[in-house]
Structure formats: structure tokens, C-alpha cells
Amino acid sequence: MAVAEARSRDEALAAVPAVEEAGTTTIAEVLVEALRKRLSMDGEPEPSLDGVHALASADAVARAAGERADASGLVDLREEARRRFAAKKAGVADGPVDPRVASLRQMLSFWAERQGTASARRAVDPVPAPRALPVEARATPFGTVHVADQLYPPEHHHGTAPVAAALDVESRLVASLALHPELESVDFTRMLMLDTETTGLAGGTGTVPFLVGLAWFEGRALRVQQLFLRRMGEEAPMLRLLAERMASSSCLVTFNGKSFDWPLLRTRFVLNRVPVPPELPHLDLLHCARRVFKHRGEGARLVHLEGQVLGHHRMGDVDGSLIPELYFRFLRGTDGSELVPVLEHNANDLLLLAALLGDLVRRFRADGTTERQDPRDLLGFALVAERAGDAERALSFAKAAAEGGGTVGMEALVLASRLARRAGDGETAVAHLQRALTYARPGQGAMLHLSLTKLYEHSLKDLPRALHHARLAAPVELPADHQLRLERLERRLSRQGV
């Protein structure tokens with residue numbers, strides 16, 4: 001039907017007289033050619049009705065314009081174009097839409113929506129204004145060293161702990177906490193706290209400490225000095241300044257420094273042909289923290305201890321795994337503002353060393369009687385005191401930890417029983433184990449029964465009770481050993497006529 005209408009329109013337009021207006025024929029021919037190309041690009045074997053209708057209309061216009069057309073015919077063509085443009089702009093369909101075009105429009109809409117969502121996910125906080133790296137070039141007898149220097153007043157706190165409390169520690173208690181008798185003769189008012197930031201965490205000759213953080217007390221104020229390596233190959237002056245500071249110090253205080261920081265620095269001394277300074281007594285607080293806080297079950301990471309023990313929570317702290325890349329970007333030419341958080345991170349680590357040392361010794365001195373503490377920490381202190389040979393302090397901590405009940409209370413009472421047995425007080429040792437049985441969960445009591453068996457048999461010579469507990473200790477003994485124990489006790493009882 002549409003084809004018939006097009007033909008009738010052709011015949012009607014063919015009768016219109018042609019006009020000699022320049023450019024009319026050219027416009028019509030362009031329209032016809034564009035429509036034909038569009039139909040051929042669609043790849044249809046036969047043009048659709050819309051295409052035929054449009055092509056027929058354009059052909060009619062072309063023929064009419066080629067022969068004769070009055071001025072109103074050209075105006076009608078322009079008006080039709082305007083009408084179609086306005087309808088398309090208003091979103092009014094001008095006929096059936098090709099489903100492929102609709103599908104393409106839908107795909108583009110989905111793509112635009114996904115791009116908007118992805119951009120929203122990638123949105124980050126505004127980039128802070130660049131800050132100059134707070135280091136200054138300082139001339140030394142060994143060459144130029146770039147240094148950041150800060151002085152913290154005596155009243156400065158890191159979380160809940162005063163930093164200056166590190167000056168009040170007793171060397172005897174520090175030696176017990178560290179299980180390091182050499183520290184008993186150390187003057188901790190001249191300690192040197194040390195922490196490094198490096199180009200990697202694996203150690204070895206390829207790892208370079210580009211920031212060496214040092215802290216020491218001047219009176220009761222804490223001086224934090226950070227030695228910064230602005231470019232590779234300039235380590236020697238920095239290492240010589242470190243050696244000079246170590247020569248005036250009594251000991252090193254680090255966190256994992258025995259395994260990482262000091263071995264790495266010693267390697268850098270050798271590689272740079274700088275004399276290695278004599279090693280100082282070394283207090284590694286990582287070992288102390290692991291022994292004291294191991295019952296928390298949360299590890300002994302420095303930042304974790306800072307929040308859980310000292311109540312200090314860092315805001316916007318740089319991730320340690322990103323620090324090497326930030327330094328490499330500085331070497332490639334960035335302005336250094338990205339390294340400002342690295343210096344702040346290192347300074348916080350040094351403050352934490354002083355605060356943690358003072359807090360650990362203060363709590364160890366209290367022996368669980370003068371202040372309320374976490375029972376898990378009390379048990380940790382008790383075990384440390386036992387290993388250090390301080391039975392009185394260990395027993396005090398164990399009794400305080402036992403008040404917490406549960407598994408921690410049971411372990412504390414086992415420790416108290418062990419201390420009483422070493423002191424030759426079997427009755428007290430048995431009493432602690434009997435109380436521990438009340439805290440034991442299913443499956444934990446058999447080991448306590450085995451300990452009671454030994455105490456009753458060897459210390460108290462109470463064979464009937466020893467046999468009773470021996471029968472309950474079967475789950476923790478090999479069957480053959482368990483049978484031998486029972487037979488031995490039964491023979492001894494038979495000889496006594498029981």
C-alpha cells in the first residue's frame with residue numbers, strides 16, 4: 001500500500017512544472033543518495049516500508065525539482081525537515097524503530113550508566129596541598145646530612161602513657177621483662193631508641209634504610225631526630241652520625257630491631273666502608289610484648305599494641321607496605337610531599353617505643369595488686385616472672401589472674417600450683433589444682449587429674465586419692481603407660497592392706 005501511494009505521488013509530482021532555481025536539484029539528489037546508502041549499510045535484502053516510503057518521497061522531490069517546482073515546493077521540503085527534527089528532539093517516534101537501533105541505544109545507555117558508577121567508585125578525597133619535606137641540610141664533620149628534628153616536652157603523652165615514664169624504669173625489672181641479665185647494669189636515662197624505614201622488608205644487601213629515626217632524652221624532654229637519605233650513594237655521612245650518637249648512648253631500644261633494623265644497619269656500615277660501631281646492649285620490645293600479651297590472641301604488631309594497650313589510634317597513618325614505593329617515587333622526581341606521612345609514621349614509632357617501655361615496666365612493678373589489669377596480661381606477666389626466677393612476683397600475678405576465671409584463670413592456678421610445689425608446699429599445690437578443676441572446660445580436666453595423681457602419690461603419699469585421679473587421667477596418657485600407673489598404684493595399695 002505504501003508503494004502504491006509513493007507511485008501516485010510520483011505521478012502527481014511529475015506534472016509539476018520545473019523551476020530553474022540553482023541548487024534545488026543538488027539538494028534533492030544528496031537526500032536520495034544518503035537514503036540509499038543508509039539502506040545499503042543496513043544490509044537488508046529488500047528495503048523496509050519506511051525506507052521505500054522515504055526513498056520514493058525523495059525521488060519524487062528530485063524529479064519534481066529537476067523538471068519544475070514552484071517556490072512553495074522548496075519551502076514545503078524545508079518545513080518537513082524542520083518538523084521531523086523537532087519531533088526527534090521531542091522524543092516523538094516518526095514511525096516504527098529498527099530493533100537493532102533500539103538495541104544499540106539500550107547498550108549505549110547501559111554503558112553510560114556503568115561508566116558513571118565506576119567514576120563514583122573511583123572518586124577519592126581531594127588531594128591535599130603539597131607539603132615541603134620537613135628536613136634540612138646540616139653540615140657535619142662527615143659531610144652534609146639531611147635531618148628532621150623535633151623536641152617533645154616532658155608532659156607529652158602517647159595515648160594514655162606519658163613518654164617520659166621511660167626514664168623511671170628500673171634496670172632490674174627491665175632485665176627480668178626482657179629475660180636479659182646484661183640489662184641490669186644499663187643506665188636507661190642514656191638509652192637510644194631506633195627505628196628505620198627501608199626500601200624493602202626482605203633485608204639483605206639490596207635493602208637500603210633511607211630514614212633512620214633516633215630518639216633520646218634531654219632532661220625529661222624527648223629529642224626525635226630523623227636522618228634522611230635524599231639520594232642513593234650518600235649513606236656514609238648518615239651512618240657516621242649514627243655511630244657518633246651510639247657512642248654516647250648506653251643501650252639500643254627497638255621493636256624487632258635484633259632481627260631486622262640492626263643487622264641491616266650493620267650491613268650498610270660494611271658496604272659503605274664505615275667502621276661498625278661497637279654493639280650496645282639491646283632491648284627488643286617485640287620479645288617482651290610477645291611474652292606479655294600472647295594470651296590476647298591478637299598478635300604483637302606495633303600499631304595493634306599502640307591502640308589496644310596505650311589507647312592511641314593513628315589517623316591517616318601510611319600503610320607500611322607502601323613506604324618503599326613512596327620513596328622510589330621521590331627519587332624519580334616527585335616534590336617529596338608524599339613522604340611527609342612517612343616521617344610522621346616513623347616519629348610515632350619512636351614515641352611508641354618510649355611510651356611502651358614505661359608502661360610495661362610500670363605494670364610489671366605493680367605485680368597485679370595495685371591496679372586492675374586484663375587477666376590475660378596478668379598471666380603473661382606471671383609467666384615472665386617465673387622464667388626470670390622471681391617466684392614471689394610470679395605468684396602474685398598468678399593469683400590476680402586467677403580471679404578472672406575461665407581458661408586464663410585455670411592456667412594461672414596451674415602456674416600457682418607449680419610454684420607451690422617447687423617451694424615444697426604440696427597441700428597448697430593440690431588446693432590450686434582442685435580450684436583449677438572448677439574452671440576447666442570439657443576435655444581440659446584430664447591433665448589436671450594427672451598432675452593431682454603425681455602430687456598425691458609423691459608429695460602427699462595419699463595413694464587412694466592418687467589412684468582415683470589416675471583413673472580420670474586416661475585421656476592424656478598412652479594406654480600402656482596408663483595401665484602401668486594403675487597397676488603400680490594398686491600393688492602399693494595391696495602391700496599396705498588397703
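Heavy-atom basis, side chains included; hydrogens, waters and symmetry copies ignored. Positions are given from 1 along the sequence.
Here H458 pairs with nothing under the ring pair (Phe, Tyr, Trp, His ring centres under 6.0 Å) rule; sequence neighbours left out. Take D187 and apply the salt bridge (charged side-chain N to carboxylate O under 4.0 Å, His left out) test, not counting sequence neighbours, and it matches R190. For Y439, there are no ring pair (Phe, Tyr, Trp, His ring centres under 6.0 Å) partners at least two apart in sequence or on another chain. Listed by chain and number, the residues in a side chain to side chain donor-acceptor pair (under 3.5 Å) with H146 amount to none (sequence neighbours excluded). Every residue two or more places apart in sequence or in another chain that forms a salt bridge (charged side-chain N to carboxylate O under 4.0 Å, His left out) with E136 is listed here: R138. Applying the salt bridge (charged side-chain N to carboxylate O under 4.0 Å, His left out) criterion to R441, with sequence neighbours excluded, gives no partner residue. Every residue meeting the salt bridge (charged side-chain N to carboxylate O under 4.0 Å, His left out) condition with E218, not counting sequence neighbours, appears here in chain and number order: R223. Not counting sequence neighbours, the partners of Y456 by the ring pair (Phe, Tyr, Trp, His ring centres under 6.0 Å) test are H469.
Considering every non-hydrogen atom in both L353 and L285, the closest pair reads O-CD1, 3.6 Å. In plain terms, the two heavy atoms of A398 and A382 that are nearest each other are N-CB, 3.7 Å. Summarising the geometry of T144 relative to P237, their closest heavy-atom pair is O-CB, 3.9 Å, with the distance given to 0.1 Å. Between E184 and S171, the closest heavy-atom pair is O-OG, 2.8 Å. Contact detail for A402 and A412: the closest heavy-atom pair is N-CB, 3.8 Å. Nearest approach of A354 to L222, heavy atoms of both residues: CB-CD2, 4.5 Å.
Residues L211 and L227 are not in side-chain contact: their nearest non-hydrogen atoms beyond the backbone lie 4.5 Å or more apart. Between M193 and W216, the closest side-chain pair of non-hydrogen atoms is not below 4.5 Å. Proximity of H282 to L183: side-chain heavy atoms (C-beta onward) are nowhere separated by under 4.5 Å. Between V147 and V135 the shortest side-chain heavy-atom distance does not fall below 4.5 Å. Considering only heavy atoms from C-beta on, R393 comes within 4.5 Å of L173 through its side chain. Within the 4.5 Å cutoff, the side chain of L242 has heavy atoms near those of the F269 side chain. A 4.5 Å side-chain heavy-atom check between Y152 and V224 finds at least one atom pair inside the cut-off. In this structure, L264 and T207 have side chains that are in contact, with non-hydrogen atoms separated by less than 4.5 Å.
Surrounding CD of E155 are more than 12 heavy atoms belonging to other residues, nucleotides or ligands, all under 6.0 Å away.
The backbone N or O of F293 sits nowhere less than 3.5 Å from a side-chain atom of D377 that would complete a donor-acceptor pair. At least one donor-acceptor pair closer than 3.5 Å links the side chain of T199 to the backbone N or O of V208. D319 places no side-chain N or O within 3.5 Å of a backbone atom of L322 that could act as its donor or acceptor partner. Proximity of a side-chain donor or acceptor of S396 to a complementary backbone N or O of D367 within less than 3.5 Å is detected. Using modelled atom types, one side-chain atom of N346 and one backbone atom of D195 make a donor-acceptor pair closer than 3.5 Å. For T160 (side chain) and L310 (main-chain N/O), a donor-acceptor pair under 3.5 Å exists by modelled atom type. Not a single donor-acceptor pair under 3.5 Å links the side chain of S249 to the backbone N or O of C251. Without hydrogens or angle criteria, N256 side chain to L286 main chain gives no donor-acceptor distance under 3.5 Å. Checked by atom type and distance alone, the side chain of T198 pairs as donor or acceptor with a backbone atom of G200 at under 3.5 Å. A distance-only check finds no donor-acceptor pair linking the side chain of N272 to the backbone of V274 [under 3.5 Å].
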Exercise for the section: Evaluate the criterion salt bridge (charged side-chain N to carboxylate O under 4.0 Å, His left out) for residue pair E235 and R240; output intermediate values, then yes/no. Expected result: CA-CA 9 Å; E235 286 181 82; R240 291 183 182 277; over 6 Å; no
Practice task
Using the side-chain contact (heavy atoms from CB on, under 4.5 Å) rule, take L194 and V253 through it: C-alpha gap first, then chi angles, then the decisive distance, then the call.
Solution key: CA-CA 6 Å; L194 180 144; V253 179; over 6 Å; no
Practice task
Show the numbers, then the answer: is there a side-chain contact (heavy atoms from CB on, under 4.5 Å) between L343 and Q150?
Solution key: CA-CA 11 Å; L343 269 71; Q150 299 179 74; over 6 Å; no
Handout entry: Chi angles and distances behind the side chain to side chain donor-acceptor pair (under 3.5 Å) call for Q308, R296
Key = CA-CA 10 Å; Q308 297 299 316; R296 288 177 176 248; 4.6 Å; no
Handout entry: Stepwise side-chain contact (heavy atoms from CB on, under 4.5 Å) check, L437 with L452
Key = CA-CA 10 Å; L437 279 171; L452 283 167; 3.8 Å; yes
Practice task
Would you please test D168 and R365 for salt bridge (charged side-chain N to carboxylate O under 4.0 Å, His left out) and show each step?
Solution key: CA-CA 11 Å; D168 302 325; R365 184 191 305 119; over 6 Å; no
Problem - side-chain contact (heavy atoms from CB on, under 4.5 Å) evaluation trace for E344 with V340 - result: CA-CA 6 Å; E344 293 173 351; V340 174; 3.7 Å; yes
Can I get a per-line list of side-chain donor-acceptor pairs under 3.5 Å for residues 413-425, giving both atom names and the distance, sequence neighbours left out?
{"residue": "S417", "atom": "OG", "partner": "A429", "partner atom": "O", "Å": "2.9"}
{"residue": "R418", "atom": "NE", "partner": "E386", "partner atom": "OE2", "Å": "2.9"}
{"residue": "R418", "atom": "NH2", "partner": "E386", "partner atom": "OE1", "Å": "3.2"}
{"residue": "R418", "atom": "NH2", "partner": "E386", "partner atom": "OE2", "Å": "3.3"}
{"residue": "R422", "atom": "NH1", "partner": "E386", "partner atom": "OE2", "Å": "3.0"}
{"residue": "R422", "atom": "NH2", "partner": "E386", "partner atom": "OE2", "Å": "3.3"}
{"residue": "D425", "atom": "OD1", "partner": "T428", "partner atom": "N", "Å": "3.2"}
{"residue": "D425", "atom": "OD1", "partner": "T428", "partner atom": "OG1", "Å": "3.1"}
{"residue": "D425", "atom": "OD2", "partner": "T428", "partner atom": "OG1", "Å": "2.5"}

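D481 has no carboxylate O lying under 4.0 Å from a charged side-chain N of R485, or vice versa, which leaves the two without a salt bridge. A salt bridge links R314 with D349; the closest basic N to acidic carboxylate O contact falls under 4.0 Å. With respect to the salt-bridge test (charged N to carboxylate O, under 4.0 angstrom), the residues E234 and R231 qualify.
Within the structure, the ring-ring contact (aromatic ring centres under 6.0 Å, His included) test picks out the following pairs touching residues 322-354 (sequence neighbours left out): F210-Y327, F228-F330. Within the structure, ring-ring contact (aromatic ring centres under 6.0 Å, His included) pairs that include any residue of residues 158-178 comprise H158-H312 (at least two apart or interchain). Contacts classified as side-chain hydrogen bond (donor to acceptor under 3.5 Å, both in side chains) and involving residues 172-181 (residues at least two apart or in different chains) are not found.
A distance of 6.5 Å separates CG in L214 from CD in Q225, rounded to the nearest 0.5 Å.
L357 pairs with exactly one of L177, L167, V163, L283 by the side chain to side chain contact (heavy atoms under 4.5 Å, CB included) rule, that one being L283.
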